[in-house]
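Chain naming here is simple, since letters A, B, ... match the order of the sequence lines and numbering starts at 1 in each. Values in this document were obtained by computation on a predicted structure and should not be read as measured data.
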Amino acid sequence: MVETPTDLKYAETHEWLRQDGDGVIAIGITDYAQDALGDVVYVELPEVGDQLSAQDEAGAVESVKAASDIFAPVSGEVIAINEVLEDAPETINESPYGDGWFFKLQMSDPAEMESLLNAEQYITSTEEED
Amino acid sequence: MLLRTPLYSAHLKLSAKLVDFGGWEMPVHYGSQIAEHHSVRNRCGMFDVSHMTIVDVRGSGARDYLRYLLANDIDKLSGDRQALYSVMLNQTGGVIDDLMVYALDQGFRLVVNCATRAKDLAWMDACATGFGVTIAERSDMAMVAIQGPEAIAKVAAVIAARNSGEDSSLVASLPRFGGVIIETRHYARTGYTGEDGLEVMLPADEVEAFWWQLHEAGIAPVGLGARDTLRLEAGLNLYGHELDEQTSPLEANLAWTIAWQPEARQFTGRAALSLERDRGVANKLVGVVMTERGVLRAKQNLYCDGIDAPGLLTSGSFSPTLGYSIGLARVPVEAGSSGEVEIRGKRKPVRLLAPGFVRNGKICI
């Protein structure tokens, strides 16, 4: 059973977003996405200090099956990246919402949050894909 | 509506992720493709391969027919050798399919690919004119492959529990490429993973019970995802990737499967293939290794050092045993041992070598 926690926001491109306070957000890929990708073998992360605009390419995930780009759901500056993923990319499969986080942004425009999806809307968008 | 093997409900019970594989609903994995791959290399794993096509050839003309149909020579089937790998060629020397042919007590058994079933059967029928043969597809049979260093011992134990110690020894003592039929079950010491193991052909109405007995013996179910990474590490071809009707076996690392002797044996495609052999081939199939981060995939361009014409990846994946990416590629015959692959717009250095990266669980490159 694929999980989609209700306390997170989502993008149609399968990123989730968690608000950690003070405009800091954590970003990763959803359980639906990791399940579709299969075993992840490499992750490309942005660099600390990168300035991203919403929908910019922010990295990539490579699984045995396919390569997939990651997009910034909102604009901001990258303030942290999850280096664990370099040596243990399977963490994304095991814990997509927890230890499998990709990077953290300092949001530059909180209003952008409004165009993101809630859990129910994201689930609907995945059903439309199928 | 996708086709299902007799093991469909077993796959559901084992939490398989099912995908469309050539019109069949098959398990791509049961949780983790990489873990399943390691279980085959380190211990033992089992595959449902019932989607493959089993065809029995019998009759007084069976031997002559198969010596015409196949590029390898079934006269090699004798004594210890009861299974043979061969290609089936069209008249221009291209590969219609690759297959295993097994000796039966009466006649022969071919196992051909799933996706090529209709065209293979049509071709076999067309070639049968003038030979006294019956060609019978065995859709009443299923097939399970058990592969890995512990495979023989575990299957032997299952047979001993169900049948007898005597039957169990028959299987345990099979030589590589040997085969034996015990009651309704055909055991062959063959496989597609580069490991020791068995392929078992048996009645469809018996396969589910057999599968659960194997499972109880501690054998892990393994999906088609791991099947592909295993065969790639072993340097084995996959029809539709390294082989197709426009590809000569001489450019697919399969020259060794062509039985040119005796010269009097006419097999389909021989004339065209002889011309090509005598002229010299233009391309070869090589193994590709990339230690940079990233994954090689089919259809990526491969630029061989010092050579203008690019080669092409025919297969690529991450190798769980090596920990980086490997592939197979068709390149000009003059290509050396280094090059660059173009991946998502960037060029990355690769090593080129003879196909084959892991043998019997050991890295051999």
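- When the shell of 6.0 Å around CD of A:Q55 is examined, it contains 12 or fewer heavy atoms from other residues, nucleotides or ligands.
- Annotation for B:S32 and A:D39: closest pair OG-OD2, 3.1 Å, computed over non-hydrogen atoms.
- Annotation for A:Q51: atom CD counts as buried by contact number, over 12 foreign heavy atoms lying within 6.0 Å.
- The number of heavy atoms from other shown groups lying within 6.0 Å of CD (A:E3) does not exceed 12.
- To the nearest 0.5 Å, atoms CG (A:D35) and NZ (B:K17) are separated by 4.0 Å.
- Taking CD of A:E62 as the reference point, atom CZ of B:R344 lies at 6.5 Å (rounded to 0.5 Å).
- Interface residue A:A67: backbone and side-chain heavy atoms are both found under 4.5 Å from chain B.
- In this structure, no portion of A:E94 lies under 4.5 Å from any heavy atom of chain B.
- Rounding to the nearest 0.5 angstrom, the gap separating the CD atom in A:E44 from the CZ atom in B:R293 is 7.5 Å.
- For B:F21, the CZ atom sits in a loose shell: 12 or fewer heavy atoms of surrounding residues, nucleotides or ligands are nearer than 6.0 Å.
- Counting heavy atoms of neighbouring residues, nucleotides and ligands inside a 6.0 Å radius, atom CD of A:E12 does not exceed 12 of them.
- Scanning all heavy atoms of the two residues, the minimum distance from A:Y42 to B:Y324 falls at OH-CA, 3.7 Å.
- Environment of CG in A:N118: crowded, with over 12 heavy atoms of neighbouring residues, nucleotides or ligands closer than 6.0 Å.
- Between A:V64 and B:R297 the shortest heavy-atom distance is O-NH1, 3.0 Å.
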